[in-house]
There are 2 protein chains.
Amino acid sequence: MSYPSLPGILSGRMPPLKALRVFAVAAHYQSFKQAAEHLFVTQAAVSQQIRLLEEHLGQTLFIRLNREVRLTPAGQTLYPFVISGFEELSRGLERLNEDSNPDALIINCLPSFAGRWLVPGLGSFQQQNPALTVSIIPGHALETFEHSDTDLAIRFGRGHYPGLKTELLLEDYYLPVCSPSILDRYDLSKPGLGGIPILSDDLPDDDNLWPDFARRVGLPEPIHSSLLVHDATMLTDAVLAGQGLALLRFSLAYRLIESEQLVCPLPFYWHSVFSYFLVAPEHHFRRSKVQKFRQWIAEEILEISASWKKVSDTLLSGFEANSLPDSDSEPPVIQQACGPYSTSGKC
Amino acid sequence: MSYPSLPGILSGRMPPLKALRVFAVAAHYQSFKQAAEHLFVTQAAVSQQIRLLEEHLGQTLFIRLNREVRLTPAGQTLYPFVISGFEELSRGLERLNEDSNPDALIINCLPSFAGRWLVPGLGSFQQQNPALTVSIIPGHALETFEHSDTDLAIRFGRGHYPGLKTELLLEDYYLPVCSPSILDRYDLSKPGLGGIPILSDDLPDDDNLWPDFARRVGLPEPIHSSLLVHDATMLTDAVLAGQGLALLRFSLAYRLIESEQLVCPLPFYWHSVFSYFLVAPEHHFRRSKVQKFRQWIAEEILEISASWKKVSDTLLSGFEANSLPDSDSEPPVIQQACGPYSTSGKC
DNA sequence: ATAATAACTTAAGATTTTCTTAACTGAATG
DNA sequence: CATTCAGTTAAGAAAATCTTAAGTTATTAT
């Protein structure tokens with residue numbers, strides 16, 4: 001098998017490349033000390049690397065004077081080649097991280113999160129970055145970054161996305177909510193919640209809270225949903241419309257609770273085994289537009305955490321004062337989570 | 001103190017350079033296995049280096065299929081930069097070893113060695129390398145290679161030339177010689193060698209054999225020289241002209257002994273603490289003209305070694321048969337050396 | 001003068017990186 | 001159905017690199 005001969009250097013024996021780099025820096029500064037600082041190593045390390053290279057080449061590259069080093073003719077010959085060689089290498093590396101479309105930010109996330117939280121709040125980000133065109137691509141499945149231009153995904157899950165970098169954004173809680181307008185129609189203190197219609201979307205198996213819910217409120221299993229939808233947006237709309245009671249993620253409901261469009265009539269909440277994550281191939285995180293967005297959303301999301309503190313406190317204390325007849329005098333039940341947001345990474 | 005900002009890559013964080021090189025080779029062959037062979041390491045090492053680089057970059061460079069690897073778009077982007085970057089580096093390295101004058105070979109050596117041995121035998125080298133112009137620069141002092149175009153020096157000494165590479169060429173022996181034409185005029189068996197005139201050049205202190213010589217032949221110390229010259233060439237001429245007895249280095253005398261222009265009338269010889277060395281900055285040895293010369297002289301010099309075997313044998317055996325009256329019936333005295341050429345490096 | 005300082009060298013040991021060995025995959029070959 | 005082939009992975013061995021702690025030698029400061 002014959003191959004085309006290797007281009008240039010690949011065929012020959014290369015000198016220690018690290019030493020070449022050290023040489024480049026030392027030659028630039030005409031000082032081992034400063035090269036050492038630049039490279040975050042000791043002077044001695046620089047001295048040794050240069051010696052190594054000189055031994056490899058069989059000729060000295062620096063003339064050592066008392067308090068200075070100076071390039072020999074050989075060193076002067078080598079210097080420009082080393083500089084331009086390394087520059088070429090780094091040009092290639094920059095090219096890799098280069099953002100082919102720095103003015104567009106394409107984000108993939110759940111439709112519910114997009115509609116209920118992200119898009120409504122996006123104004124401040126767009127004000128901060130007027131040059132940037134943000135596209136939100138809603139979807140239930142994770143984008144394959146290979147075949148799309150997606151910069152970043154916001155996913156609700158366990159945080160295991162092989163080959164991708166993930167950053168925890170927010171842990172979330174499920175809680176039963178309904179419109180205050182229908183509370184007079186149903187007596188939730190009665191067994192079976194007084195017949196209030198149950199609205200549900202299809203929760204993932206691992207996060208299926210309905211059996212536990214049924215047990216606590218005395219409903220027969222499996223629970224009968226009067227409405228089953230596939231997306232939390234529609235579910236939210238149904239709850240808002242007073243069609244019944246649903247388990248909603250706090251992140252989607254908190255603004256509605258704060259504005260009293262929704263209420264939490266039962267002393268339960270569940271910590272979701274899933275969380276929100278920023279997900280993308282690692283190098284996407286190096287794009288400045290992604291960094292800006294990451295920065296922005298990290299701050300924005302604090303609002304949810306803060307709201308949760310308030311709501312979970314009043315939720316519990318409210319029911320402590322006048323506990324539900326149905327609740328077996330138990331204290332409010334908290335599944336899987338205790339207290340406010342924990343940052344323990346169980347991604 | 002403000003410095004001009006570092007050119008290109010020097011300022012940024014560099015990826016593992018070794019891994020970049022491995023990438024270049026692997027990308028060239030589109031095969032880790034062949035890259036491994038090329039780099040004289042195992043496949044596993046290549047696999048790991050590539051993974052390392054991919055982790056550093058945050059993106060994959062190769063698509064792993066069952067029995068082949070293929071560059072990803074990112075890999076394809078990087079490849080040409082890496083190739084040309086390394087090519088630039090190696091251009092610089094080649095430039096360093098480049099011989100500015102490949103058609104001229106400039107050799108510095110002792111005038112005696114040049115005149116008595118090197119120049120007379122140089123014909124065969126010049127026949128082998130007709131394109132090469134050989135210049136012999138005779139001199140007693142070692143050339144400073146910095147300020148001359150000398151390619152190579154042949155020095156007689158201990159082999160300690162700091163900063164320079166040395167190669168042992170030949171160990172040498174001093175022996176007393178005179179012209180056969182004057183042996184009838186002096187009875188060397190008489191005390192004081194029958195008054196034969198002593199010819200000498202100035203030997204270095206460390207190699208001063210005269211006190212020992214005086215003791216052995218019963219001459220008063222310090223020895224009285226009827227002629228003292230500064231160069232062995234002149235000394236040889238004087239001996240040839242029958243002006244007396246001298247201690248000559250075998251390398252200079254052996255042809256004259258073989259042609260019976262000179263004889264060795266006394267059963268002594270001394271191993272010199274000095275030897276002949278090839279001396280030059282290491283990279284000079286990489287020049288092909290120097291390599292050729294080195295090859296040639298190494299072969300040529302075998303002639304001297306071979307001659308020494310013969311001469312030292314006959315010298316000793318001859319005197320064993322009819323030992324000198326004056327020699328106190330001692331066996332022939334050998335200082336510092338025993339027998340033929342030893343290759344023990346005492347440089 | 002004498003001391004302090006600055007830049008570099010060197011040796012020895014510690015640390016980190018890189019390599020090898022050996023067991024394992026998964027698809028093509030025969 | 002077993003082999004082979006190209007690559008992966010983990011663990012330990014080997015090698016390269018770095019730090020620490022002395023020196024060196026000339027310059028600057030006291």
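- Put simply, CD on Gln43(A) is 14 Å from P on dC18(D), counting in whole angstrom units.
- For Phe293(B), the ring pair (Phe, Tyr, Trp, His ring centres under 6.0 Å) partners two or more places apart in sequence, or in a different chain, are Phe125(B), Trp296(B).
- Residue Tyr29(B) contributes atom OH, which lies 19 Å from atom P of dC5(D) at whole-angstrom precision.
- To the nearest angstrom, C1' of dA16(D) lies 14 Å from CG of Leu17(B).
- Close to dT9(C), at under 4.0 Å from its OP1 or OP2, lies a side-chain N or O of Arg64(A).
- When each of dT21(C), dA21(D), dA6(D) is scored by its nearest atom to the side-chain atoms of Ala44(A), the top-ranked nucleotide is dA21(D).
- For Glu94(A), the salt bridge (charged side-chain N to carboxylate O under 4.0 Å, His left out) test picks out no residue, with sequence neighbours left out.
- Residues satisfying the ring pair (Phe, Tyr, Trp, His ring centres under 6.0 Å) test with Phe113(B), not counting sequence neighbours, are Trp117(B), Tyr276(B).
- Between Gln30(B) atom CD and dG7(D) atom C1' there is a gap of 15 Å when expressed in whole angstrom units.
- Of the listed nucleotides (dC19(C), dA6(D), dT20(D)), dT20(D) has the atom at the smallest distance from the side chain of Thr42(A).
- For the side chain to side chain donor-acceptor pair (under 3.5 Å) condition, the pairs that include at least one residue of residues 45-59 of chain A, sequence neighbours left out, are Glu54(A)-Arg64(A), Gln59(A)-Asn97(B), Gln59(A)-His283(B).
- Near DNA chain C, meaning a heavy atom under 4.0 Å from it, residues 46-63 of chain B has Gln48(B), Gln49(B), Leu52(B) in order of number.
- For Lys33(B), whose side chain is taken as the heavy atoms from C-beta onward, the closest listed nucleotide among dT20(C), dG7(D), dT19(D) is dG7(D).
- No more than 12 heavy atoms of other residues, nucleotides or ligands lie within 6.0 Å of CD in Gln295(A), so this atom counts as exposed by the packing criterion.
- With sequence neighbours excluded, no residue forms a salt bridge (charged side-chain N to carboxylate O under 4.0 Å, His left out) with Lys18(B).
- One atom, CG of Leu65(B), and another, C1' of dT8(D), lie 14 Å apart when rounded to the nearest Å.
- Rounding to whole angstrom units, CD of residue Glu37(A) and P of dT19(D) are separated by 13 Å.
- Residue whose closest nucleotide on DNA chain D sits further toward the 5' end, between Arg67(A) and Val22(A): Val22(A).
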